[in-house]
Amino acid sequence: MTAPETQKPPTTNTNLINWVNEMTKLTKPDRIVWCDGSEEEKVRFTKQAVEQGILEPLNQEKLPGCYLHRSNPNDVARVENLTFICTPTKDEAGPTNNWMAPKDAYDKLAKLFDGSMTGRTMYVIPYVMGPIGSPMSKVGIEITDSVYVALNMRIMTRMGTKALTMLGDSNDFNRGLHSVLDCNPERRFICHFPQDNTIWSVGSGYGGNVLLGKKCLALRIGSYLGKTEGWLAEHMLILGVESPEGEMTYVAAAFPSACGKTNFAMMIPPKRFKGWKIWTVGDDIAWMKVGEDGRLYAINPEHGYFGVAPGTSNESNPNAMKTTARDTIFTNVARTADGDVWWEGKDGPMPADLTDWQGRPFNSRSSEKAAHPNSRFTAPATNNPALSKFSDDPEGVPISAIIFGGRRATTIPLVMQAFNWVHGVFLGATLGSETTAAATGKVGVVRRDPFAMLPFCGYNMGEYFAHWLQMQGKIQTLPKVFIVNWFRKKDGKFLWPGFGENMRVLKWIVDRARLRVGGHETPFGWVPKAGDLDLSGLNIPHEQVDDATNVDLAEWRTELESQGEFFASIGPTMPRSLELQRELLLARIDAIQGKDA
Ligand code: OXD
Ligand code: MN
């Protein structure tokens, strides 16, 4: 092997230099580029990506600094069946994760990585997850042979020299290695080694599989670090609700992939809520730790949004439209004849002469979609007009309420509050949702997605539940816990209008968290008392809202039984106290129906 063309490493950190040398020996690149995160570098990488056909410039007058990427059609979503947690024992990964023994995984992937960068450039990307200098932030280094990854990581993280400065000479950094190879699903593996703080990803170019700071570090490795270090890494948006009087309340909310977290985090309240404002801290991930005052504080480890494009419009999310109007990378959307982007659910009629996400002329009569259902935008958080001024605060923001939400056609009411922390953990643990296009597999089937973390928990799910239960002893001022469902249906139609109107529900949540509104007790939790949910100016019949908020005992019995099957599948690590919660709720139904012993 001839020595690769390289620059002098911009660091004296010998742990880092040695690791990069080791990975260089394995992958044998022709060139090594250490990323500094500068503007000049962005321009250079973008030019290269355009020359190589990886990015296509869009109409620079309409969308300055925006580019389109078309992925390999076989590589458009996360691949949960090829994602592995590689812990010394299978039990540590637990029943909800795919497992490989660390040595087997390293050996298997080393064969694939061997020489994988020959003829290619290796990019060494130093990045920080979280505000620079925050005690909650973590440094990662991603080595990749994809300039698309380098450009996306630049948007999604605090990337470059500042990360090396924060790392200094420390050996405490996540080691991420990625190679696209030939993008063959047969040779695609996303392997996590929590004990080694290491991620190896091969054979894919899709964001969730390859932007290693996001799902891999911030959630899978992050959740493991959270358990060992006593904090929480969660699949949650973070938003601030500002009242007309300037009172700020912060909320964290977990929803499974593609259930509208980005829309909720950037919501614009309806006219009725004049003077109210929503500020985005994060749209996908929250790291939460107990502060000195005993409250739970959250940071968003990310610095950009990797959002689902279809359905995003000036009606559903005007802030996202503004956020993506410049310096954004679009992946797998359709393109108009004048170099604009398009997707199903964007404003206005479908333009003529579209090019579809695979670069083919689009036939508007075909049953196929012009944009892939999981097409994405990667946009800088700093473009967001609603970005919270505390999103860069090293201390994070204090969380008053935690919300769980799924996509459920039946059973789950519009909003319900847990009786206490343990019941709240139960609501998180039993979260269910219909599957979406964010992961490969069948769409629209209800699956349990506890805490929206099923694909992202880096260790045994039963122990994860136990960790949540144990946090009760650490947090002095516990956030109140809620469950919401924007997706309930009757006769095939959604009962609740969603989007900005969700502000009505959020206001009740804020008032409950601040102990200034009552609640109506149902066997399963508190719901708004008649009149407490502000419905003024909402143009839908009251019966429809009643249907959206209704709690039906028969539906709940089925639900609790299915939750029981899920709990049983967790096995011996399943905390007994959560099963007791379930039994208690079933007993309440029995009592109401006169079936108690
Ligand atoms: C995401 C996901 O991309 O959850 O955020 O799949
Ligand atoms: Mn997500």
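Whatever order the structure lists them in is the order used to number ligands and atoms, beginning at 1.
- Checked for salt-bridge contact, E80 and R447 meet the test: a charged N lies under 4.0 Å from a carboxylate O.
- With a 4.0 Å heavy-atom cut-off, ligand 1 is reached by the side chain of K215 but not by its N, CA, C or O.
- Polar contact with ligand 1: absent for K261 (N/O pair, distance under 3.5 Å).
- A cation-pi arrangement, defined by a distance under 6.0 Å to the six-membered ring centre and an angle within 45 degrees of its axis, is absent between R220 and Y224.
- For ligand 1, the polar-atom distance check against Y206 finds no nitrogen or oxygen pair separated by under 3.5 Å.
- Two residues are said to be in side-chain contact when any heavy atoms from C-beta on lie closer than 4.5 Å; S257 and H235 meet this criterion.
- Within a 6.0 Å sphere centred on CD of Q358, heavy atoms belonging to other residues, nucleotides or ligands number more than 12.
- Among the atoms of K214, none of the N or O lies under 3.5 angstrom from an N or O of ligand 1.
- For the residue pair S316 and N263, no side-chain donor N or O sits within less than 3.5 Å of a side-chain acceptor on the partner.
- When you scan the N, O or S atoms of D284 for the one nearest the Mn ion (ligand 2), you land on OD1.
- Taking 2.8 Å as the criterion, K215 counts as a coordinating residue of the Mn ion (ligand 2), since one of its N, O or S atoms falls below it.
- By the 6.0 Å and 45° rule, K489 stacks over the aromatic ring of F494.
- For the ligand labelled ligand 1, residue H235 lies inside the 4.0 Å heavy-atom shell.
- Near S257, meaning under 4.0 Å from any of its heavy atoms, are these atoms of ligand 1: 2 (C), 4 (O), 6 (O).
- Residue-ligand proximity, D284 to ligand 1, at heavy-atom distances under 4.0 Å covers atoms 5 (O).
- By the criterion of a heavy-atom distance under 4.0 Å, the side chain of F456, and not its backbone, is placed next to ligand 1.
- In this structure the side chain of V147 reaches within 4.5 angstrom of the side chain of I54, judged on heavy atoms.
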